[in-house]
Amino acid sequence: MSNTITERRNKANVRLIFIAAFVILGIWLAYEIFNILFLFFIAIVITLILNAPTMWLVSRKIPRTVAALMVFLGMLLFLFLVALLVIPKILEQVTALINNLPHYYSELQKLIASLIRDYPSLQDEVQKQSTLQDNIPSLSKLIAGIGRFSFSLIGGIFLMIVLLSIVLYMLINPAPMVETYIMLFPEENRDKAARALALASKMMVGWMKSNLVAGIIDAIAVFFFLTYMGVPGVWIWAALALFTEIVPRLGMYMMAVPPILIALSIDPLTALWVLIFYLVLNEITGNILMPHIRASTMDLHPVSTLFVMIAMGGAFGLIGILIATPLTAFVKAYYDVFYLNAASSENINEQVEVVLKRKV
């Protein structure tokens, strides 16, 4: 009898070891191919977003293939027209900024020197790097960097072509992918799986709409304010402002750093006003505008989004930050469909009231 129990324990231990090994192997494999998983996740997000106008066309008796091609080509045409209007202005102002970089640098040095004139130790550190030429890399390093950038650019173009190809294929004929996805679940959970993906799709459309609306508002505000303040490169900073809501709350602060530094090299008071403007704009967008825009479509609490963004950023860097909000939406959609129901929600609301009102 004891031998039988020992054998069962040994088999259970071996099974646990194999399970742990497979889990570790799966995590390692996912980490190694994270860029590929990221590519497919972005393709799925874009497909879910484009599926909304495609289905609208299908409901108007247009064949699925024709509708998908119309939406896909419409997206490419929109991006091309935006690039045609904005990129020449951006390139022109980037060239002007590069040409004026020595002037901005010297003005910043003068400002820093005036601020630290009473601190000799800091002055010594600043004097060690007193010229712009000291901070410019050598020609060989510059050429090597350009070479790496060229290869990265070619790789980026290739990945973009692959991404668009995946989106087009899934958009034209999504049924096999959806069937495969549903078949992954046990039969009793397939209805929930379908509803969860439908909810995630709705949330992705809401995410895209909210980003577009808030980005346009931010870009217009940045363009007119920085033009009024006389900060160079307004087209660049306005274009950057279009993408601030991809990184909730923190995106605006990151986009604010370059124009503030440029304004600081012109006049400290101008830089202060630019800083105040970005702070106010970020608070208005983050606390007033975005909650109302996203409430009806995504129902995501800002704290949960920030938590996932910081966690993903710490684990995977910039890529993790970019997919944080869509990933949070997917997690919430599946959590709502699989685990929440009306009764439990009512109980939770009552329990939340107990905590907030301290009903002991």
Measuring from atom [atom1] of [X] to atom [atom2] of [Y], what distance do you get when rounded to the nearest 0.5 angstrom?
X: Lys202; Y: Ile49; atom1: NZ; atom2: CD1; answer: 15.0 Å
X: Ser210; Y: Met203; atom1: OG; atom2: CE; answer: 10.5 Å
X: Ile182; Y: Met177; atom1: CD1; atom2: CE; answer: 12.0 Å
X: Leu327; Y: Lys332; atom1: CG; atom2: NZ; answer: 14.0 Å
X: Ile284; Y: Asp218; atom1: CD1; atom2: CG; answer: 10.0 Å
X: Ile260; Y: Thr270; atom1: CD1; atom2: OG1; answer: 12.0 Å

Are Leu197 and Ser201 close enough, and set up right, to give a side-chain contact (heavy atoms from CB on, under 4.5 Å), and what steps lead you there? CA-CA 6 Å; Leu197 186 58; Ser201 176; 5.7 Å; no
Got [X] and [Y] here, is their nearest side-chain heavy-atom distance under 4.5 Å?
X: Met204; Y: Phe330; value: yes
X: Met170; Y: Ile44; value: yes
X: Lys209; Y: Val205; value: yes
X: Val45; Y: Trp207; value: yes
X: Val280; Y: Ile276; value: yes
X: Pro174; Y: Thr47; value: no
X: Ile46; Y: Leu163; value: yes
X: Ile216; Y: Leu242; value: yes

Nearest heavy-atom neighbours spanning [X] and [Y]:
X: Ala238; Y: Ala219; value: O-CB, 3.3 Å
X: Ala333; Y: Ala200; value: CB-N, 3.8 Å
X: Ala263; Y: Val274; value: CB-CG2, 4.1 Å
X: Val222; Y: Ala241; value: CG2-CB, 3.9 Å

Quick check on the hydrophobic clustering: are [X] and [Y] connected, directly or via other members, by side-chain heavy-atom contacts under 4.5 Å?
X: Leu39; Y: Leu48; value: yes
X: Leu57; Y: Tyr169; value: no
X: Phe223; Y: Leu240; value: yes
X: Ile323; Y: Tyr334; value: yes
X: Leu168; Y: Leu164; value: yes

Near [X] [atom1], under 6.0 Å, is it more than 12 heavy atoms from other residues, nucleotides or ligands?
X: Phe338; atom1: CZ; answer: yes
X: Glu187; atom1: CD; answer: no
X: Met75; atom1: CE; answer: yes

Without swapping roles, check the side chain of [X] against the backbone of [Y] for a donor-acceptor pair under 3.5 Å.
X: Thr180; Y: Pro176; value: yes
X: Trp237; Y: Pro232; value: yes
X: Ser59; Y: Trp56; value: yes
X: Tyr278; Y: Trp273; value: no

Might you work through the side-chain contact (heavy atoms from CB on, under 4.5 Å) test for Val234 and Phe225, ending with a clear yes or no? CA-CA 9 Å; Val234 289; Phe225 181 82; over 6 Å; no
Which side-chain N or O atoms in residues 60-68 pair as donor and acceptor under 3.5 Å with protein atoms at least two apart or in another chain?
{"from": "Arg64", "atom 1": "NE", "to": "Leu171", "atom 2": "O", "distance (Å)": "3.0"}
{"from": "Arg64", "atom 1": "NH1", "to": "Asn51", "atom 2": "OD1", "distance (Å)": "3.2"}
{"from": "Arg64", "atom 1": "NH2", "to": "Asn51", "atom 2": "OD1", "distance (Å)": "2.9"}
{"from": "Arg64", "atom 1": "NH2", "to": "Leu171", "atom 2": "O", "distance (Å)": "2.8"}

Output, in order, the C-alpha distance, side-chain angles, deciding distance and verdict of side-chain contact (heavy atoms from CB on, under 4.5 Å) for Leu73 and Leu77. CA-CA 6 Å; Leu73 294 176; Leu77 180 62; over 6 Å; no
Tell me, with the steps shown, if Leu69 and Ile172 meet side-chain contact (heavy atoms from CB on, under 4.5 Å). CA-CA 7 Å; Leu69 288 174; Ile172 290 175; 4.1 Å; yes
Aromatic ring pairing Phe185/Tyr181, orientation class (parallel under 30°, perpendicular over 60°, tilted between):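 Geometry flag for Tyr181 against Phe185: perpendicular rings.
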